[in-house]
Amino acid sequence: MAAITLIEAVTQALAYEMANDGAVLVLGEDVGVNGGVFRATAGLQQRFGDQRVIDTPLDETTIAGLTVGLSLQGMKPVAEAQFDGFVYPMLDQLICHAARMRNRTRGRLTCPLVLRVPWGGGIRAPEHHSEANEAMFTNVPGLRVVLPSSPQRAYGLLLAAIRDPDPVIFFEPKRIYRQYKEEVPDDGEALPLDVCYVLRDGIDVTLVTWGAQVKECLEAAEKLESDGISAEVIDVATLRPLDFATIAESVARTGRCVIVHEAPRTGGFGAEIAARLAEQSMFDLVAPVERVTGWDTHIPLFRLEMKYLPSVERICAAARRTMERS
Amino acid sequence: MAAITLIEAVTQALAYEMANDGAVLVLGEDVGVNGGVFRATAGLQQRFGDQRVIDTPLDETTIAGLTVGLSLQGMKPVAEAQFDGFVYPMLDQLICHAARMRNRTRGRLTCPLVLRVPWGGGIRAPEHHSEANEAMFTNVPGLRVVLPSSPQRAYGLLLAAIRDPDPVIFFEPKRIYRQYKEEVPDDGEALPLDVCYVLRDGIDVTLVTWGAQVKECLEAAEKLESDGISAEVIDVATLRPLDFATIAESVARTGRCVIVHEAPRTGGFGAEIAARLAEQSMFDLVAPVERVTGWDTHIPLFRLEMKYLPSVERICAAARRTMERS
Amino acid sequence: MSVAASFSIEYVEHLAADGRLKGERLPNWVESPQQLVDLYRHMLFTRSFDSKAVALQRTGKLGTYASCLGHEASHVGVASAMHVDDLLAVSYREIGAMLMRGVRPREILMYWGGDERGSCFEQAINDLPICVPIATQCLHAAGSALAFKLREEPRVAVAFVGDGGSSKSDFYAALNSAGAYALPLVLVVVNNQWAISVPRRAQTGAQTLAQKGLAGGLESIQVDGNDLLAVREVAEHAIKRARNGHGGTVIECITYRLSDHTTADDARRYRDEAEVKAAWEKEPMLRLRRYLIEQGLWSESEETEWKQECNQRVDEEVNAYLELAPPPATDMFDYLYAELPDDLRGQRAQLEGPR
Amino acid sequence: MSVAASFSIEYVEHLAADGRLKGERLPNWVESPQQLVDLYRHMLFTRSFDSKAVALQRTGKLGTYASCLGHEASHVGVASAMHVDDLLAVSYREIGAMLMRGVRPREILMYWGGDERGSCFEQAINDLPICVPIATQCLHAAGSALAFKLREEPRVAVAFVGDGGSSKSDFYAALNSAGAYALPLVLVVVNNQWAISVPRRAQTGAQTLAQKGLAGGLESIQVDGNDLLAVREVAEHAIKRARNGHGGTVIECITYRLSDHTTADDARRYRDEAEVKAAWEKEPMLRLRRYLIEQGLWSESEETEWKQECNQRVDEEVNAYLELAPPPATDMFDYLYAELPDDLRGQRAQLEGPR
Ligand SMILES: Cc1ncc(C[n+]2csc(CCOP(=O)(O)OP(=O)(O)O)c2C)c(N)n1
Ligand SMILES: Cc1ncc(C[n+]2csc(CCOP(=O)(O)OP(=O)(O)O)c2C)c(N)n1
Ligand SMILES: [Mg+2]
Ligand SMILES: [Mg+2]
């Protein structure tokens, strides 16, 4: 079994489930012959035909609306948004319809769909190609929001997302699409859709993050280690519904928490985690919670983007502050 | 000077500023002869003509895009979304363009626009007419998000919003459009766009809220008073940028905080306030923060909607818990 | 200079406002005169239900309601041309079409009475629920039509949208994809001249709303929406075309909204009484009744009798609606996901338990 | 059955691929032969810049870049028909139009080089910056056109959009409002046959993209987009019409994307080399050069000379671009609002200060 990248794991999961379930189909801009601008659907049209891998007209409203309609008929559409900056025209169909259909028809109609969204910055992409807008979705009841950060989790969580009977927004951290390889058995085993992953154990401070920042957090943990600070690292992986128990359990041990994400800080999903700590872990905390995030600005064009994204240095500094302030 | 309702204060502010500044114009569905479905623009077309008060085709994408274009030409468009449940198709133009234009052109072009959004539930309205989706906007750099809760604040903040050189989302709590009247001098005095209002002083617990829930919080404070609990009530009024100093100062005194809003809890803007408390007021808090919010569900159709909205009872219970848990 | 493409939009009508046939004989779709009587009965039932619903709202027993007064021929003409297996995607005003498709009157009342259970149709299980966000249902119909096509099912999706709704992005998106994929989709634009207070002319510079279909390469046709004979003909043709794999159609039904926009609206604020009065002259029931009576297919006494029966049936439904206990509050959690996530169990318990 | 409306879409061309005039003489807009030479020079400058930009990207000195190879006639033909005061709203590929309007080459390089200052045009101050979210610029142009109309300014807004972009909701929304308000708006659809890997035929079932204008009641016309003479004629006519208060036009320019979609794309994955080869036969520069040379208005030596001058000018701009120091990081705060809110001062200080 060859080791594969995160994006190859996405392709592998799509191919597995398309072979496994005839109701699964893929649609989006350039997903067909071209295999997607990131190559996530490479080879799928050749293998499954153009009735299963469907290029759409260039309109995100169309993609979202067709996806809702397909899912209403028992298909399991996996739609692709070409870049995260282009999901906004999809929100109306996702929020008003996909997320509500089961509830508003009392279970008569449902929308088992997945929207895949290449997410985040750091690849020197053009304007509007680097957004991290997961917070737009985390306040929406009826949706699930998933954001894997390793090839294995991408594979297992995407399978779970496709099999889930409700709509799932599946963000893919494009900065680490090809960052490293790991062995991902193509065994069709899905991962649970409501679990946080403890990637590294520690006793002094808990670093909570998701997506590409997992890399920075693990590096920061290494660095802190050499300073004698032991950091636990948690990959949230599924933002909605949130497995807060795993985070709370960790913070109960460490007493300190640094939340790291690349979206702007104010109103980002990090706020929800900090809020739950303030509600449920207040007496466990020995130091104020810290957030290390993208600034409350737009992610700049690429000459400045690394000054925007949370760096290992910023994470370490925040972790050290939690040590000092306790 | 006659006392007026919140919605009359909106009309008064619009009329004042249209008379004051020829660049101000109003556009939206049914804002013209009909004066808006809530009558916010009643009489304005008669007074200012159909070149200043413009009915649009029925498309929210159109409204948002035209508004951006008008503002780029130095007009000051005040657009109306007919109901909050219909703003989603506007997000793309607001987020990708209105909120970014100044930054992305390094100040060459700007978007001085206002989007008025009748907001929230509790009026037995049809489906999709009762949403509280302010959190969609509070994670967006470059926007301001305002949500007044009294006739005076509606007047002063709307004037400020129109005069502001950047895009402002102006939510109007429709449940209290006609709840009570107060005197609102038509003096053209704007209120600051970054200030929280302390509506009631207290020493035991701080109730932080916005919009229609201000009413419930004030009632809860009355009730708590009779139990010997002294509650301070803060109307946030402007969510972005947030005047956290006023909240922090209050919590420094009371040591307890209950955040109340009608949007769903997870990822709601209450999370941001709780997060800042966890970051900046940790050592002031003597009890865990509480959030009393809409459930993490869609606001139901009206037979159940009052079971969804935060009630005086739920607020009181939360405040009492903060007393017990400290 | 050469001509790259040319088009024309036809207008179809059969039955004049005075109840006389414009042509020599009935259109081909009419298999027997009894068929016309049945459809007329449906239209009358629709009107009975509709006026009762308005009355219920006026007495506080229903929430906001959108009357379909004057739209009966468009609704019944289209819905009656569909197969059971086809899919209907309405906006909110197509009561006549919904009833024809088997949605129960009590379900419609439940919906407007603030109860989600009204969208859990017992019989019209293929059809989509009322869709308030304007024109978004057109894309649900397009996506459904795509599913039918991919699965090679001989089914057609029919979506209704208003004149106002035909300005909306989702409508354009639906017709664009219908053309791109040659979908079995029929988009019915009910041009009732008003979108709340905004008149048809303010929505677009296009001479007809039908011609919007040309933007997607669809068949595009205009019909007298008050003329059951014509609507049914045009709808049947479009649906057959779609079913046979020849792609989508935009049908513009020219009619008039004889009521306020909804019970929350007061149309006198923005439109002329004279216009409404003139529109009453052309309304769809009268002309069909005149024709049927003229042909000896219907009589005043049958009219009275059927109206009574309609009222009785409606009353039964109203009673069933009024007697319904409210849904449990926990429904808002219990139908949110297939299975309630652990994360939400605490909230559900809070809602349930004593607060 | 009667006809409610009928339409035809004309196709305009003047200059054949072999450089011969199709008609008897030059179109009316040509005031002097020198004008043609000037426009040809513009086209050549565009091509020089474009190939240099691609080369810069290949050597890592520029980010992703979208070449305009083959679009020169459409870009220069339209932009040259505009008044200085008019407004141009481009997507991202209309380099030829931007240069013609006075955007400085270094600004275009800065933009694709990851520097926001590239959108702070020094000269083309009326024009909108590059707009990546497809077709959204059409509505900015429509809103601007509405402002011009309300203020009674004799100005016209011109928006470019691609064949793919003509599927997008925002494009339909723009043409719908252009019709509803009779806006001075010209929508130029550059149909270069491809939207990344998706061919024109997969976007829509419409025979022409021009006919989408009919959906809004706009003038709708098709033109050979490789034919400067024709493009300029059609654009000039549409712009004049708009300026005179007669409303909007959709112009479809038929051309071909001779390059990859962007430097990040490899078109060989999805399209036939033969198709590209055939398209080179019809490209816009060659035919105009043939015509000018035939007429004695241009020569091979002038061609060589001008190319050298273009390269030199471009090199100067490239140097200016390469020498530019990066913007201060604090710019991301300093241009976010007119005045930085107190709430953000702490973050700005953190960014500035030692971390
Ligand atoms: C997206 C959206 N925007 C606004 C509304 C509010 N609204 C409800 S009905 C209506 C007018 C619809 O007019 P039309 O499409 O002509 O249908 P009709 O009511 O005449 O049947 C409007 C603006 C809505 N329901 N959805
Ligand atoms: C809203 C949106 N969706 C997707 C994209 C990604 N994208 C960039 S260019 C392009 C194709 C555009 O094709 P077309 O409109 O024909 O213009 P061309 O590139 O041929 O000039 C796509 C899909 C985008 N920029 N914006
Ligand atoms: Mg209408
Ligand atoms: Mg193209």
Side-chain angles (χ1 to χ4, degrees), chain B residues 28-39 42 45 50 54-63 65 82-83 85-86 88-89 92 123-130 264-266 292-308 310-318, chain C residues 63-66 92 110-119 129-136 162-172 195-199 202-204 261-262 264-267 269-271 324 326-333 335-336 341 343-344 347-348 350-351 355:
Chain B
E29 295 157 7
D30 304 290
V31 297
V33 182
N34 198 36
V37 292
F38 285 105
R39 328 279 311 119
Q45 190 178 70
D50 60 7
I54 302 174
D55 278 329
T56 61
L58 204 175
D59 183 50
E60 281 71 16
T61 305
T62 299
I63 300 175
Q82 202 158 74
F83 284 87
F86 309 139
Y88 306 114
D92 188 44
I123 62 161
R124 297 174 61 82
E127 208 174 3
H128 302 283
H129 287 64
S130 302
R265 179 174 311 169
T266 296
V292 178
T293 65
W295 307 112
D296 273 327
T297 69
H298 304 289
I299 183 165
L301 291 188
F302 65 77
R303 283 192 86 166
L304 292 181
E305 73 177 328
M306 297 318 287
K307 306 228 161 164
Y308 171 90
S311 62
V312 174
E313 291 68 37
R314 279 167 67 196
I315 299 166
C316 287
Chain C
T64 306
Y65 172 78
Y92 43 85
M110 283 155 73
Y111 180 83
W112 294 112
D115 186 340
E116 281 84 354
R117 292 172 299 181
S119 292
I130 281 176
C131 184
V132 165
I134 298 290
T136 52
D163 46 317
S166 80
S167 295
K168 190 125 182 298
S169 300
D170 303 72
F171 172 73
Y172 286 114
I196 309 186
S197 72
V198 180
Q203 292 290 342
T204 170
H261 168 65
T262 64
D265 176 54
D266 180 359
R269 273 210 295 264
Y270 53 78
R271 74 177 180 186
L324 206 71
T330 44
D331 274 9
M332 52 178 125
F333 285 102
Y335 292 97
L336 190 58
D343 194 29
L344 299 186
Q347 286 189 31
R348 187 184 183 284
Q350 254 187 293
L351 169 63
R355 296 188 235 131

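In the text below, chain A, chain B and the rest are named by the order of the sequence lines, each starting its count at 1. Note that the structure is predicted; figures quoted are calculated from it, not measured.
C:Phe171 is linked by a ring-ring contact (aromatic ring centres under 6.0 Å, His included) to nothing, counting only residues two or more places apart in sequence or in another chain. Contacts of C:Ser119 classified as side-chain contact (heavy atoms from CB on, under 4.5 Å), with partners at least two apart in sequence or in another chain: A:Thr105, C:Tyr111, C:Pro129.
Interface summary for chain B: among C:Pro328, C:Ala202, C:Ala267, C:Pro327, the most heavy-atom pairs under 4.5 angstrom belong to C:Pro327. Contact count versus chain C (heavy atoms, under 4.5 Å) is highest, among B:Gly35, B:Pro300, B:Gly85, for B:Pro300. When the candidates B:Arg124, B:His129, B:Glu127, B:Glu305 are compared by the number of heavy-atom contacts under 4.5 Å with chain C, B:Glu127 comes out ahead. The choice from B:Glu60, B:Arg39, B:His298 that makes the most heavy-atom pairs within less than 4.5 Å of chain C is B:Arg39. Ranking C:Val198, C:Ile130, C:Thr204 against chain B, the residue ahead of the rest is C:Val198, based on heavy-atom pairs under 4.5 Å.
Smallest separation of non-hydrogen atoms from B:Pro57 and C:Gln203: CA-OE1, 3.3 Å. Taking each heavy atom of B:Leu58 and C:Ser167 in turn, the nearest pair found is N-CB, 3.7 Å. Closest of all the heavy-atom pairs between B:Pro126 and C:Thr64 is CG-CB, 3.9 Å. In terms of heavy atoms, C:Gly113 sits closest to B:Arg303 at O-CG, 3.3 Å. Here the closest heavy-atom approach between residue C:Arg269 and residue B:Val33 is recorded as O-CG1, 3.5 Å. Taking all atoms of both residues into account, the shortest heavy-atom contact from B:Asp30 to C:Ile196 is OD1-CB, 3.2 Å.
Atom OG1 of B:Thr62 sits about 9.5 Å away from atom NZ of C:Lys168, to the nearest 0.5 Å. With rounding to the nearest 0.5 Å, the separation of CG in B:Leu301 from CE in C:Met332 is 11.0 Å. Going from atom CD1 of C:Ile134 over to atom CZ of B:Phe86 covers 7.0 Å, rounded to the nearest 0.5 Å.
For the pairing with C:Gln347, the side-chain hydrogen bond (donor to acceptor under 3.5 Å, both in side chains) check across B:Thr297, B:Thr293, B:Asp296 returns one residue only, B:Asp296.
Only the side chain of B:Asp55 has a heavy atom closer than 4.5 Å to any heavy atom of chain C. For B:Phe83, no part lies under 4.5 angstrom from a heavy atom of chain C. B:Gln82 touches chain C through its side chain: at least one heavy atom from C-beta onward sits under 4.5 Å away, while N, CA, C and O do not.
In this structure, C:Leu351 and B:Tyr308 have side chains that are not in contact, with every pair of non-hydrogen atoms separated by 4.5 Å or more.
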